[in-house]
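The figures here come from the full heavy-atom set of this structure, side chains too, leaving out hydrogens, waters and symmetry mates.
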Amino acid sequence: MEYQRSTSAITKTLFLLATVMFLSITVALGQLKTVQGIVKDSKTKDPIAYATVAVVGAPSSPGSAMSTQESGRFTLKFPMTYTKIRVSSIGYDYKDVFVTNDETQQIEILMDAQDNTLDEVVVRAKKRKYTNKENPAVALIRKVIENKSKNRLTGQQFAQYDQYEKISLGLSNLSEKFVNKKIFKNYQFLFELDDSAKTANKYLLPAFMEEKLSKIYYRKDPKKTKQYIVGEQRAQFDPKFIDNDGLSAYFNKLYESVDIYDNNITLVTNQFLSPIANSSPTFYKFFITDTIKTQQPWLVELSFFPRNKADMLFKGQLYITLDGNYAVQGANMTVADDINLNFVRDMNIELKFDQDESKRFYLSQSTLGIDFSLTDKGTGIRGNRTVNYKNYKTGVVQPDSIYSGPETVIAYNISDGKGTRKLFDAQRQIPLTKNELNIYHNIDTLQQIPSFKTFMDIAALVFSGYKQAGPVEIGPVNTFYSFNPVEGFRLRVGGRTTESFSKRFYAESYAAYGFKDEKWKYFLSGTYAFNNKSVYSFPQHYIRASFQRDTKIPGQALEFIQEDNFLLSFKRGDNENYIYNDVYRIDYRKEFENRLSIGLGFNATKQSPAGTLRYQIIDQDGQAKVFNEINSTELSVNVRYAPHEQFYQGKLYRTPIFNKYPIFNFNYTAGLKDVFKGEYSYHNFNVSAFKRFYLSQFGYADVDVAGTYIAGKGIPFPFLTIHRANQTYAYQLNSYNLMNFLEFVSDHHVSANVQYYMNGFLLNKIPVIKQLKLREVFSFKAVYGGLREENNPDHSNQVFDFQKNANNEQSSYTFASEPYMEASVGLSNIFKILRVDYVRRLNYLNHPGAPKSGIRARVKFDF
């Protein structure tokens, strides 16, 4: 009886325990716990990036398995019932760690390096050299390459999705001492503690934020991608100081979207070979480092490293599906420390892919983080760009009207700013971080502080050369003083109005005085903007009237800088051929959103020779007839097309942000005889094309070709093509650096200019030298043309004679039987900013004063 009672009691107890356990498990399955941690090397305590952290026994879920970040940190979310996580990484023994059932917890995991030291490898003496042959990792990556076309977006006939992107930047790695300086007393609200810093008490200063919501449509045949931007907001600076659109274009160029399926991935103006590019097995080493069976389909973790650490390549992990499709399910990538990349302290790329209804993997999120700095430990600029994709659909046929027009369309009311924030609050796919939320408010607040306005005013003067003075700007300061052989010591002062004066009318003027020729020079222009927008910003639409009286070197039409720039005052050889110009001009310019622009011009010009320049005709008896002035009237048309062009609009000129697309130019100028004193009739046709060719690991090449034909008879050389020469000591990209001023004249010509930047592909492979991170650069320039007899003074006494130097030797020529050619080889990236070339002139060395070679330098800031 007692035994029966005991058995009954035990049975009840077990039943109660089972019930409690069942209820506990049921509750636990419905609850999640969050485990945050960091993975480190047990000896060095350095963080371990891209280690795999997975919940043991858990089914596939978004938070139950992941890779650690570059900082070694991770965050897992999984049901309460699971208590063990496993960490694995190449070169380390895997480690199992038990966690508690606390709702949130922080842990540190120390990993032991595998016991395969260098000494043991030497003892074995049979370490196999890495090879692609019979390498299962290489066989796998070849399967990925083989299946790229069906797994990527461009493998679909039709695709569409919603896209959200955000980019934020700020000053990083600020010390507590720096933040607490007196000068920042009124700016403490800007600084935030940096939780992601590797050392304590480091601060951030968020400075830029931009968000964009879009609908994307893709069609394979005919190929077209159409982006409808349905919402956009940005932290704006005062446009008087900063081109916000240009700044946005520049940052988006630095932080471009990453497509792992592209053979080459462009980042910070350089191209990196994708680890799944067709040629990747030639440049990368691949290793199978893990198999992940905690989710479906199973994944293989494939680690990859550059064969040469100094090449423009990635390192990291790919996660490849084992379902027969060999699709990329995820990727974590960074770059080696030895890479020849300027100012980049850290880079991290994370790609996530999800399955659609057809079980194909599509990119669901792309994250790119780059930390720029002059030094490894100093203050830098950290930026992050995240692009999220959802509602991905394939096979949905859209009408042709969806794809018509330009590739990008603003599909919202730009003037309606009130609803923008509500739109993003409702449709933002990824929540903003705390510091991102503060940027919009902080930038607005910052610009109300008087000391910040003063700082921006000084910065604008230093970088743009203009000083704000109410509704006008005074400058540019680099032209205030210069000198040349004709004018001697030259002083100049000028300025222009700004938008605060008028949004439609802009005036610009300067006055200069030469102390040698004792003459005043001046310029005055008035511009009317039809689009109620600054005439310096895109898209331009204006009409301008101007008058200029000044000196000019024949054949010099500098596009980006003033001819009286102080630095251009220093020249080699004789250069006393000058012109005094009086120019009356009317110009009309219209730019379109598709980067097509049209220009119309009308000018009446009086030219008078100055210095040693002579306008003279030698008659049949050998007598010289001297002309003190010549007059011309011209009508011109310019058409320029630069598809997908990007640039930063400065105070003086636009800084191009080059891409893979070409730029085309067509110019037509008609000389009108007997119109406003015009003395000559001619027709000048000029075409040119520029394109940057990206050559992956072999760098890139800029190619510029042009041609001109001038129709007409008896045309003097000032109205022909005077080929652009350079007698300064700077290397000029679009000039012939060993040609003398006014040396070659033609009425028809073709030219080619090739600048090849190898980006250190050769030098990076030379021991010791590669530590300097120098980059090779090569150039070749050639021009060939001629003068028809009716415009050649050697055959006609109706045109001006060729110029002669001080020794009465002929110094101007047309081309003989061969083109003028020069070539150079140089080193760039010297001190990260300097390019130095040895330039060699290849022919026409018998011309007076023709240099055979020379050293030329150029400031070239590049990543």
Side-chain angles (χ1 to χ4, degrees), residues 234-249 410 413-417 443-444 447-448 450 452-480 492-512 521-550 559-562 583-593 597-603 638 640 647-655:
R234 181 195 307 151
Q236 298 270 19
F237 288 92
D238 190 334
K240 288 191 302 183
F241 304 114
I242 292 178
D243 172 24
N244 289 285
D245 291 336
L247 196 65
S248 172
I410 302 294
N413 186 353
I414 299 177
S415 62
D416 182 15
I443 295 301
D444 290 340
Q447 295 179 95
Q448 305 305 316
F452 179 75
K453 291 182 179 180
T454 302
F455 168 77
M456 291 299 290
D457 192 28
I458 296 172
L461 174 64
V462 172
F463 291 107
S464 72
Y466 280 91
K467 174 69 176 71
Q468 295 285 325
V472 301
E473 295 175 321
I474 300 172
V477 295
N478 60 2
T479 64
F480 284 176
R492 166 178 153 169
V493 63
R496 63 187 186 183
T497 63
T498 66
E499 284 185 85
S500 59
F501 176 82
S502 171
K503 286 190 175 182
R504 287 198 177 272
F505 180 77
Y506 296 83
E508 184 174 3
S509 181
Y510 71 77
K521 294 87 183 176
Y522 44 86
F523 170 79
L524 178 65
S525 74
T527 307
Y528 180 81
F530 292 101
N531 55 2
N532 199 29
K533 193 174 184 179
S534 169
V535 294
Y536 307 106
S537 61
F538 179 86
Q540 296 176 340
H541 187 199
Y542 63 76
I543 188 169
R544 172 180 292 153
S546 64
F547 172 74
Q548 182 181 43
R549 170 170 289 174
D550 211 333
E559 184 176 357
F560 293 139
I561 49 182
Q562 305 283 336
V583 185
Y584 299 85
R585 289 189 64 91
I586 296 178
D587 294 285
Y588 170 80
R589 184 167 182 80
K590 167 74 172 175
E591 290 182 329
F592 299 90
E593 293 289 345
S597 61
I598 297 173
L600 301 174
F602 179 84
N603 71 80
N638 167 255
R640 183 178 185 272
F647 50 80
Y648 178 82
Q649 179 67 55
K651 294 281 187 180
L652 282 174
Y653 54 85
R654 290 174 174 175
T655 301

Hey, are the side chains of F538 and K533 touching, using non-hydrogen atoms and a 4.5 Å cut-off?
no
Do E591 side-chain atoms and Q540 backbone N/O form a donor-acceptor pair below 3.5 Å?
yes
Whether S597 side chain and K590 backbone form a donor-acceptor pair below 3.5 Å
no
Give a yes or no on whether the backbone of F523 and the side-chain of D550 come within a donor-acceptor separation of less than 3.5 Å.
no
Nearest 0.5 angstrom please: Y536 OH to E499 CD, how far?
10.5 Å
Here the gap from S509 atom OG to F547 atom CZ, rounded to the nearest 0.5 Å, amounts to 11.5 Å
Heavy-atom count around Y588 OH within 6.0 Å, excluding the residue itself: above 12?
yes
Heavy-atom closest contact (Y466 atom, P476 atom, distance)
OH-CD, 3.5 Å
With a 3.5 Å distance limit and no angle check, can you tell me whether R504 reaches the backbone of F530 through a side-chain donor-acceptor pair?
yes
What I'd like to find out is whether the side chain of V535 reaches to under 4.5 Å of the side chain of R589, using heavy atoms alone.
no
Minimum heavy-atom distance Y506-A529, with the two atoms named
CE1-CB, 4.4 Å
Stepwise side chain to side chain donor-acceptor pair (under 3.5 Å) check, Y510 with Q548:
CA-CA 9 Å; Y510 71 77; Q548 182 181 43; 3.0 Å; yes
What are the two closest non-hydrogen atoms of S525 and S546, and how far apart are they?
CB-CB, 3.6 Å
When every non-hydrogen atom of A469 is compared with those of I474, the smallest separation belongs to CB-CD1, 4.2 Å
If you take all heavy atoms of F592 and I598, which pair is closest and at what distance?
CE1-CD1, 4.1 Å
Residue pair V472 / T498: nearest heavy atoms and the distance that separates them
C-CG2, 4.2 Å
Roughly how far apart are L524 CG and R549 CZ, rounded to 0.5 Å?
13.0 Å
Look at the side chain of T527 and the backbone N and O of R544, then say whether any donor-acceptor pair between them is shorter than 3.5 Å.
no
